[in-house]
Each structure stands twice: as structure tokens, then as C-alpha cells.
Asker: 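Take this structure, written in C-alpha cells, and hold onto it; I'll ask about it next.
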Amino acid sequence: MHDDVDLRGIRGYLFDLDGVLTPTAVVHMHAWARLFRPFLEQHDAEPYTDDDYFAYIDGKPRYDGVRSLLESRGIVVPEGEVTDAPALDTVHGLGNRKNEAFNITLAEEGVTAYPASVAFLDAVERAGAKVAVVSSSKNAPAVLAAAGLADRFDVVVDGAVAARDGLPGKPEPDTFERAAELIGLPTMACAVVEDAESGVKAGAAGEFGIVIGVDRGVGRAALEELGADVIVDELDELIPAVQRAAGASDIEFPTNDATPTNDPSTTREEPE
């Protein structure tokens, strides 16, 4: 299906987390719904739907998602401070309330990495490529731990790192560029792997070797228009391309049959 995909020269893969490696987008969707359904009802606003998640929230840093959704409903609240209590109806208070909802939902539902994505991760590592996670979420370390992937990534550029280093979030390319720097590769030697509109935009805005779009609901036409060079339903579709690029036809690459480890007891608190 992807016989024409050329990954020669790609020596690093910069993975988004939610929706690419793990189905945490579902956990996030449930958490945002937990936050905004009662909030919007209290404000007599148009009810919250999953379409709102994709249109205003998906892939953005948490507080930006709050701002974007509130703007869509014409609701104005004080900005507040990052230390605001979750009970406060400020941008930061609502964002912190969403984080509480996320942690509750993660504990209730758990998370298991996509088997096809783990197979692709195995393949690129076996081919000698470097890997990193680039996520807008400050919960990335907790999600990686819960999915049994924490030991696979020495470099994680998440929302906490972006805030600490003053990096603009997606759709700007800065967090992906920092990840490339941390794994010691020029951006043109790296692939950006994304499923969210803002993430694909970020990849297209930078000088990366290739932008791989994973269609988890945005739609192929939209991903292509946003700048994805290659679009797949599952990442293991690209294992043959990785194998060709590595010239490693004699290596037995893993399949997606194995079920990844999912131990919710390993979940860590979100870094601040």
C-alpha cells in the first residue's frame, strides 16, 4: 500500500503520544466532556460534543484548549493563575479541573498502547533510528508509564518541558525541533508522527524530513491539506518502508500480534 514511501535519510522519529502511541485521546475526550458538559449547561450555552474536541481542543496545550472552547461559545472568564484551584471558573482553574478529570478517567479506564504502533516502534528502533515523544500534555510521563512505554523513550518533550523552556506549543514546530535537538539529529533527518490537526500543522511548519499522519478521526483529506506527506490508518503499514530504508530485508521485524504491557500501578503524578 505504501511501496512508494521513501524513508531513506530518516534517522529519528518524533512521536506524538495521544492518538499515535496510545488511545489516550479517548481518555482526554472523556475528561474534557466531564469538564465542559456541566459547565456549558450551567452557562446556558450550546451543549458540548465530541466534535468540539476535534475542532477546538485536540493537540493543544490544556489552557489553550480551554480558551479555544470558551471562545467558541462566547464565554469570557478571568485568566487566573496556574495555581488556581480546580473549583475556580477561570481559564487556569478550568484547565486544572480538566486535569483532575483526566487523572480520574485514566485511573478508571487505564490505557493500552496501540499494538500496531508498538510494532512500528520496535521496527524503527531495530533499524537503528532514535525516538522521542513530543506531547502537549503534562500527563505524558504518567501515560507512558501506564502503557508500559516509559523505558522506551529517553527524550520526552511534553507540556511541562515546553512551559519550563518557554517553547510555544503546537501548531508551532518548536517542541518537535527541541526533541530533534535532544536526540542529536537535524530536523531534516527526523519524521514527525502525528494524528492531531495542530500536530500535523506543527510538522509542516518546520523543516522535517517527512510528516506522517495517522488518521484517528480527523480524516485523510484534512490531514493531507494540513501538510501530512504520508497518511496511514495504523503505523505498522510503514514497517516495510522502514525495512527498505534500513536495507535490512534479512531482519525479522515484529508484528502487531503481541499485546503491550498495561500496568496502571506504574502511573506517576503529572510533573509540574
Side-chain angles (χ1 to χ4, degrees), residues 1-26 28-29 50-51 53-61 65 113-124 127 129-137 140 143 149 153 157-158 169-177 179-180 185 187-245 256:
M1 182 184 299
H2 298 287
D3 292 342
D4 58 339
V5 176
D6 186 357
L7 296 177
R8 288 176 299 176
I10 300 299
R11 293 179 286 136
Y13 290 82
L14 312 177
F15 293 90
D16 177 43
L17 177 58
D18 302 335
V20 170
L21 293 174
T22 60
T24 13
V26 176
H28 280 290
M29 287 176 70
D50 287 345
D51 289 340
Y53 174 80
F54 290 110
Y56 305 113
I57 294 169
D58 188 21
K60 295 179 181 177
Y114 291 110
S117 297
V118 174
F120 181 74
L121 176 62
D122 290 340
V124 300
K130 297 180 179 181
V131 297
V133 163
V134 182
S135 173
S136 297
S137 174
V143 172
L149 296 176
F153 295 95
V157 178
D158 65 355
K170 305 170 187 177
E172 301 302 321
D174 300 61
T175 50
F176 283 109
E177 291 168 349
L185 291 173
T187 56
M188 284 301 296
C190 293
V192 167
V193 189
E194 265 286 357
D195 73 306
E197 292 187 17
S198 59
V200 172
K201 284 182 181 178
E207 295 183 358
F208 297 96
I210 191 171
V211 178
I212 299 170
V214 184
D215 185 11
R216 303 288 190 200
V218 172
R220 287 176 172 262
L223 290 172
E224 184 176 2
E225 184 177 347
L226 291 165
D229 300 302
V230 178
I231 301 166
V232 297
D233 292 320
E234 294 288 353
L235 281 172
D236 62 350
E237 296 169 31
L238 294 178
I239 289 178
V242 172
Q243 185 174 1
R244 289 195 304 270
N256 65 353

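Sequential numbering from 1 along the given sequence is applied to the chain's residues. This is a predicted model, so every value here is computed, not measured.
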Asker: If you measure from the Lys or Arg side-chain nitrogens to the Asp or Glu carboxylate oxygens, is any gap between E225 and R220 under 4.0 Å?
Answerer: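 Result for this pair is no, no salt bridge flagged.
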Asker: Rounded to the nearest 0.5 Å, how far does CD1 of I239 lie from CG of D122?
Answerer: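 Reported value, rounded in 0.5 Å steps: 8.0 Å.
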Asker: State the NZ-CD distance between K201 and E194, to the nearest 0.5 angstrom.
Answerer: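 Between K201 NZ and E194 CD, I get 12.0 Å after rounding to 0.5 Å.
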Asker: Nearest 0.5 Å, please: how far is SG in C190 from CD in E207?
Answerer: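 Reported value, rounded in 0.5 Å steps: 12.5 Å.
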Asker: Does any non-hydrogen side-chain atom of D236 lie less than 4.5 Å from one of Y114?
Answerer: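 No, their side chains stay 4.5 Å or more apart.
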Asker: Any side-chain heavy-atom pair from T22 and L17 closer than 4.5 angstrom?
Answerer: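 The answer is yes; the side chains approach within 4.5 Å.
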Asker: Just so I know, are the side chains of M29 and F54 near enough to count as touching, which here means a heavy-atom distance under 4.5 Å?
Answerer: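 M29 vs F54: side chains touch.
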Asker: Let me confirm one number: the CE-CD1 distance from M188 to I10, rounded to the nearest 0.5 Å.
Answerer: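 Spacing of CE (M188) from CD1 (I10) equals 7.0 Å.
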Asker: Return the minimal non-hydrogen interatomic distance between V118 and A113, and the atom names on each side.
Answerer: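 Scanning both residues completely, I find the closest heavy atoms to be CG2-CB, 3.7 Å.
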Asker: What verdict does the side-chain contact (heavy atoms from CB on, under 4.5 Å) test give for F120 and V214, after you've listed the backbone C-alpha separation in whole Å, the side-chain angles of each residue and the deciding distance to 0.1 Å?
Answerer: CA-CA 12 Å; F120 181 74; V214 184; over 6 Å; no
Asker: Any non-hydrogen side-chain atom of V131 less than 4.5 Å from a side-chain atom of F15?
Answerer: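 SC-SC contact between V131 and F15 confirmed.
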Asker: Does R216 reach the main-chain N or O of D195 with its side chain, forming a donor-acceptor pair under 3.5 Å?
Answerer: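 Not confirmed, R216 side chain does not pair with D195 backbone.
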Asker: Going by heavy atoms in the side chains, are L235 and I212 under 4.5 Å from each other?
Answerer: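 With C-beta onward as the side chain, the pair touches.
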Asker: Nearest heavy-atom pair of A204 and G227: which atoms, and what distance?
Answerer: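 Smallest heavy-atom distance, with atoms named: CB-CA, 3.9 Å.
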Asker: Got S137 and D18 here, is their nearest side-chain heavy-atom distance under 4.5 Å?
Answerer: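 S137 vs D18: side chains touch.
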Asker: Given 3.5 Å as the limit, does a donor-acceptor pair link the side chain of T187 with the main chain of E177, or not?
Answerer: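 Not confirmed, T187 side chain does not pair with E177 backbone.
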Asker: Once you round to the nearest 0.5 Å, how far does CZ of F176 lie from CG of D16?
Answerer: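 Going from the CZ atom of F176 to the CG atom of D16 covers 6.0 Å.
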Asker: For E224, I'd like to know if atom CD has over 12 heavy atoms of other residues, nucleotides or ligands within 6.0 Å.
Answerer: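 No, the 6.0 Å shell around CD holds no more than 12 heavy atoms from other groups.
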Asker: Tell me whether S117 contacts the main-chain N or O of V20 through its side chain, where contact means a donor paired with an acceptor under 3.5 Å.
Answerer: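 Such a contact is found between S117 side chain and V20 backbone.
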Asker: If every non-hydrogen atom of V134 is compared with every non-hydrogen atom of A179, which pair is closest and at what distance?
Answerer: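 What the structure gives for the nearest pair is CG2-CB, 3.5 Å.
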Asker: Could you tell me whether the side chain of I57 reaches within less than 4.5 Å of the side chain of H28, counting heavy atoms only?
Answerer: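 Of all side-chain heavy-atom pairs linking I57 with H28, none is under 4.5 Å.
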Asker: Looking only at heavy atoms, which two atoms of S136 and K170 are closest? And how far apart?
Answerer: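 Closest approach of S136 to K170, heavy atoms only: OG-CD, 3.7 Å.
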Asker: Could you tell me the separation between the CG atom of D58 and the OG atom of S198, rounded to the nearest 0.5 Å?
Answerer: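 These two atoms lie 6.0 Å from each other.
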Asker: Determine whether R244 and L7 make a side-chain contact, defined as any pair of heavy atoms from C-beta on separated by less than 4.5 Å.
Answerer: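 Contact flag for R244/L7 side chains = no.
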